[in-house]
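This one's a predicted model, so the numbers in the text were calculated from it and none came from an experiment.
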Amino acid sequence: MSSMVLGLHEMEKTQLFLVGGKGLNLGELSKIKGIHVPEGFCITTAGYQKVVEQNEAYHALLHRLTMLKAEDRAQIGEISREVRQLIMEVEIPSDVVKAVAHYLSQFGEEHAYAVRSSATAEDLPHASFAGQQDTYLNIVGIESILHHISKCWASLFTDRAVIYRIQNGFEHSQVYLSVIVQRMVFPQASGILFTADPVTSNRKLLSIDASFGLGEALVSGLVSADCYKVQEGEIVDKRIAAKKLAIYGLKEGGTETRQIDPDQQQAQTLTEDQILELARIGRQIEAHFGHPQDIEWCLTDDTFYIVQSRPITTLYPIPEANDQENHVYLSVGHQQMMTDPIKPLGLSFYLLITSAPMRIAGGRLFVDAAPMLASPARREPFLNAMGSDPLIKGALMTIIERDFIKLLPNDQTAPVPSRSHIDAPAPFENDPTIVSELIKRSQTSIEELKQNIQTKSGSDLLDFILEDIQELKRILFDPQSTAVFMSAMNASSWINDNMKEWLGELNAADTLSQSVPNNITSEMGLALLDVADVIRPYPEVIAYLQHVKDDNFLDDLVKFAGGQEAQAAIYAFLGKYGMRCSGEIDITRTRWSEKPITLVPLILGNVKNFEPNASQRKFEQGRQEALAKEQELLDRLKQLPDGEQKAKETKQMIDLIRNFIGYREYPKYGYINRFFVYRQALLKEAELLAQAGVIHNKEDVYYLTFEELRDVIRTNKLDYQIISKRKDDYNVFEKLTPPRVITSDGEIITGKYNRENLPANAIAGLPVSSGVVEGRARVILNMEDADLEDEDILVTSFTDPSWTPLFVSIKGLVTEVGGLMTHGAVIAREYGLPAVVGVENATQLIQDGQRIRVHGTEGYIEILE
């Protein structure tokens, strides 16, 4: 057996780097009892390496490719073409030619063969590379086969393959190509089989695409295919396509496209029995590989041949359950406005704080909603609570209609909610000093924590943090604290419902919420405007900040006129808000205090876009608009029957909103403050572990859970493979988009906005802050990349409190994630910004620079150009 060429049966599971992903999978398939795989062999990557390893011109071209980015299309095209030409001109090594001739003599040199590429970074669980390299069908004769082997090697450098590698972080020099040569099968039908539904991700629903002739017509999009769905051994759906063309192999080699007889065009490609047999084969292959599979098959003389099987890489992982019951999982990230993956230490900290039934999948947290949906007493109030995100509620209603979660027998002891949402909120003492007392209590507790934690280290530190988390939970879930902001939220609902009923006014509470006291998050945005006021008079400081690239820039600020004042202003801001950052619920995220350069573009933007004292003017303008709206509503109400009473009740509700809605943001601020204290203490311990050589660098602790970190600190021992694997996993998770709702079958269920009378081509979302505004869309995914002009509309995936400083510079907001009471919505209302959230795929549907109109009252966006 030569290392240059291996038969399919000779391959071992460990030989990925010799035979590539496709070759390895075919080798595995050929060993599964009852699965038919066309016989063949593989020219291993050793053959490819022998062709290129001593070729200096090849390595020089590769070096030039590594310098390029995915958008450098013209240069990629030019260099890739040179690499392909060079590979085609190199003579195939004699030992490869000899081994190929040997296998062809065994299988029959007179037969036709498929010659197919198999890259080492292909058909992997996390990167399919599907369609990136070339396949050649019906190749006859050794000379032609050898020529097409060279063509396959060259196809490693098609433009699309090079760009795909750049986008997915694969080094060109680390990806090698093997070539599969398989005896041709001339099928009457072929197609693709997905063992999980590619549309819904349901792992129990198997999907088959089938058409006449070779599968190339289907893969290339030349024809439409029949589509059959099979669930648990039953055909549950069939869609028969009109099949006008098919590709067939020619005896003398090559392929041809033929017209299908008109009477056959509407015929079902596979019989019912064949569909079910193919489904059984699919489940057998899936069980062997342990993952849902994307399988290419063909049917010849009533026998199914499998010509490829690869993992389906686009499926979102299913949260694990310990039973076989049906479960429904809701994304925590969509509630918390942070849908990025969270590292293991961050996940474990979050789990220490919550008592909800949580599960982890794809580096994100999900809450199991099945217990709420199964309870007769809890189902309706739970659905009402989910009403703030219609996409989640709509998905849950679909699940209920399907009877996926069955109601348990009625629980007589469970409380049944009696109050309608339009009723007045429960009585609550309208005393603003309650808020200042709660804030003072939180601040005192954090100061005590800062003092006490200084004396802790080693295992004692982790024990201390675990104990202090009980204090954090006590503050976070303090009934009085919750009652304060709930009374304001209920008052907002009351105002919106009743003003709509009595006055025909939509979302009246939005304007009434502008410029309220005690909103720590909106104050942060205004505070950064004040920092800009300090810096604006000093051109030397501005010039210096425009070119800084180092996080130590604050040290050198004092060298410039006005630098001392600028440094003091930035330090004062960081003293109050430096524990914040994007994705702040993940304790492993770098904070502004640790990376203050993050704030520089925002400060410079404020210097450029605003006049002095903008923060006071903005706040006062919002306050006056709120007061004017209050007076207008009360005056209009007094004209109604029983108007004095209506006005009196409305005034009480408005006072609740004005006094208490600002506090809605404070518990999160206190929680993140506490996290920052824990984080700083843990990073000191991590530095000690790094100095002792237990970990390579301090950030490695982010890939351990809290308990694992505790053990490592106690024992000074660590299996480093854990860190390496979790880093790889995290890189995969970053590429995944978490669903709002996923079932235990893996099905992603999506709700819809039920809107009538929307303009044509309008993009629907959830209205969270009233008003209509036009402007230039700025699609920004990272806050650090923001370069906003006054009058811009921010379009992004999500905004947590760290994005608030951008809100002062924009005139409208569009996000893919969010609800009525999430942070972005609360701050948008307080700043008087029209906002629409929960807009699916907004960052793809809206292009940076387009002129758009945001309808914050009705909840939709129009693209104007």
Side-chain angles (χ1 to χ4, degrees), residues 319-322 329-368 371 442 445-446 448-450 452-453 456-479 481-482 579-581 583-591 666-686 689 698-715 718 722-723 726 729-730 733 800-801:
E320 284 186 20
N322 302 321
Y329 301 105
L330 308 187
S331 163
V332 173
H334 284 79
Q335 304 293 310
Q336 286 292 336
M337 298 294 279
M338 211 294 271
T339 52
D340 291 347
I342 300 176
K343 296 186 180 82
L345 188 64
L347 289 169
S348 61
F349 260 95
Y350 199 98
L351 291 170
L352 286 170
I353 290 162
T354 181
S355 56
M358 292 282 179
R359 297 286 181 271
I360 297 171
R364 279 90 169 174
L365 286 162
F366 292 83
V367 66
D368 186 1
S442 174
S445 175
I446 287 165
E448 286 173 4
L449 166 64
K450 286 178 181 174
N452 295 336
I453 206 167
K456 311 296 178 190
S457 63
S459 295
D460 288 349
L461 170 65
L462 276 86
D463 291 343
F464 173 79
I465 288 173
L466 209 53
E467 198 177 306
D468 190 75
I469 282 173
Q470 301 311 309
E471 171 72 358
L472 167 56
K473 286 164 76 172
R474 190 188 64 72
I475 293 170
L476 205 52
F477 304 118
D478 176 359
S481 173
T482 306
M579 81 299 297
R580 308 217 94 146
C581 67
E584 61 190 11
I585 62 167
D586 179 358
I587 200 170
T588 71
R589 290 287 188 110
T590 304
R591 310 285 144 168
Y666 199 88
K668 176 92 176 277
Y669 172 79
Y671 156 33
I672 298 304
N673 240 315
R674 222 171 185 89
F675 256 32
F676 187 49
V677 179
Y678 300 158
R679 175 184 162 81
Q680 289 176 302
L682 288 173
L683 283 176
K684 283 184 186 170
E685 289 299 315
L689 290 173
K698 63 182 182 181
E699 284 83 11
D700 286 347
V701 299
Y702 298 161
Y703 297 93
L704 298 170
T705 66
F706 185 88
E707 286 303 323
E708 287 167 347
L709 177 57
R710 205 177 185 182
D711 285 343
V712 170
I713 287 173
R714 186 174 51 81
T715 63
L718 172 64
I722 293 173
I723 305 288
R726 288 183 183 165
D729 289 345
Y730 185 82
F733 298 155
D800 61 7

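Atom NZ in Lys456 sits 14.0 Å away from atom NZ in Lys684 (nearest 0.5 Å). How far CD1 of Ile469 is from CD of Glu471: 12.0 Å, rounded to the nearest 0.5 Å. In this structure, Ile585 CD1 and Ile587 CD1 are separated by 12.0 Å, a value rounded to the nearest 0.5 Å.
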With a 3.5 Å cut-off and sequence neighbours excluded, list the donor-acceptor pairs that the side chains of residues 347-357 form with protein atoms.
residue : atom : partner : partner atom : Å
Ser348  : OG   : Pro344  : O            : 3.3
Ser348  : OG   : Leu345  : O            : 3.0
Ser348  : OG   : Phe706  : N            : 3.0
Tyr350  : OH   : Gln336  : NE2          : 3.3
Thr354  : OG1  : Ala356  : N            : 3.0

Taking only distance into account, with no hydrogens and no angle test, what donor-acceptor pairs under 3.5 Å do side-chain atoms of residues 669-678 form with protein atoms, sequence neighbours excluded?
residue : atom : partner : partner atom : Å
Tyr669  : OH   : Lys576  : O            : 2.7
Arg674  : NE   : Asp468  : OD2          : 2.8
Arg674  : NH1  : Ser445  : OG           : 3.1
Arg674  : NH2  : Ser445  : OG           : 3.0
Arg674  : NH2  : Asp468  : OD1          : 3.1
Arg674  : NH2  : Asp468  : OD2          : 3.4
Tyr678  : OH   : Asp468  : OD2          : 2.6

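Between Val701 and the choices Leu718, Leu682, Leu689, the side chain to side chain contact (heavy atoms under 4.5 Å, CB included) rule is met once, by Leu689.
Under the ring-ring contact (aromatic ring centres under 6.0 Å, His included) criterion, Tyr702 pairs with no residue at all, not counting sequence neighbours. For Arg726, the side-chain hydrogen bond (donor to acceptor under 3.5 Å, both in side chains) partners at least two apart in sequence or on another chain are Glu708. In terms of the side-chain contact (heavy atoms from CB on, under 4.5 Å) criterion, residue partners of Ala681 (sequence neighbours excluded) are, by chain and number, Ile453, Leu461. Applying the side-chain contact (heavy atoms from CB on, under 4.5 Å) test to Arg714 and every residue at least two apart in sequence or in another chain returns Ser459, Asp711. Residues forming a side-chain contact (heavy atoms from CB on, under 4.5 Å) with Ser457 (at least two apart in sequence, or on another chain): Glu685. Every residue meeting the side-chain hydrogen bond (donor to acceptor under 3.5 Å, both in side chains) condition with Asp463, not counting sequence neighbours, appears here in chain and number order: Arg710. Taking Asp340 as the reference, Met338, Arg589, Phe798 meet the side-chain contact (heavy atoms from CB on, under 4.5 Å) condition, with sequence neighbours excluded. Qualifying side-chain hydrogen bond (donor to acceptor under 3.5 Å, both in side chains) partners for Thr339, counting only residues two or more places apart in sequence or in other chains: none. With sequence neighbours excluded, the residues forming a side-chain hydrogen bond (donor to acceptor under 3.5 Å, both in side chains) with Glu584 are Arg580, listed by chain and number.
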Could you please spell out the steps behind the side-chain contact (heavy atoms from CB on, under 4.5 Å) verdict for Phe366 and Met358?
-> CA-CA 6 Å; Phe366 292 83; Met358 292 282 179; over 6 Å; no
Taking it one step at a time, do Glu320 and Ile360 satisfy side-chain contact (heavy atoms from CB on, under 4.5 Å)?
-> CA-CA 7 Å; Glu320 284 186 20; Ile360 297 171; over 6 Å; no
Ile722 vs Tyr703, side-chain contact (heavy atoms from CB on, under 4.5 Å): CA-CA, chis, key distance, verdict = CA-CA 8 Å; Ile722 293 173; Tyr703 297 93; over 6 Å; no
Would Gln470 and Ile475 count as a side-chain contact (heavy atoms from CB on, under 4.5 Å) if you check the C-alpha gap in whole Å, the side-chain angles of each, and the deciding distance to 0.1 Å?
-> CA-CA 9 Å; Gln470 301 311 309; Ile475 293 170; over 6 Å; no
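When all heavy atoms are compared, the tightest approach of Pro341 to Tyr730 is O-OH, 3.5 Å. In this structure, Tyr329 and Ala321 approach most closely via the heavy-atom pair OH-CB, 3.4 Å. Between His334 and Ser331 the shortest heavy-atom distance is ND1-OG, 2.7 Å.
Among pairs with a residue in residues 351-362, none fulfils salt bridge (Lys or Arg N to Asp or Glu O under 4.0 Å), at least two apart in sequence or across chains.
With hydrogens and angles ignored, the 3.5 Å screen pairs no side-chain donor or acceptor of Asp586 with any backbone N or O of Ile342.
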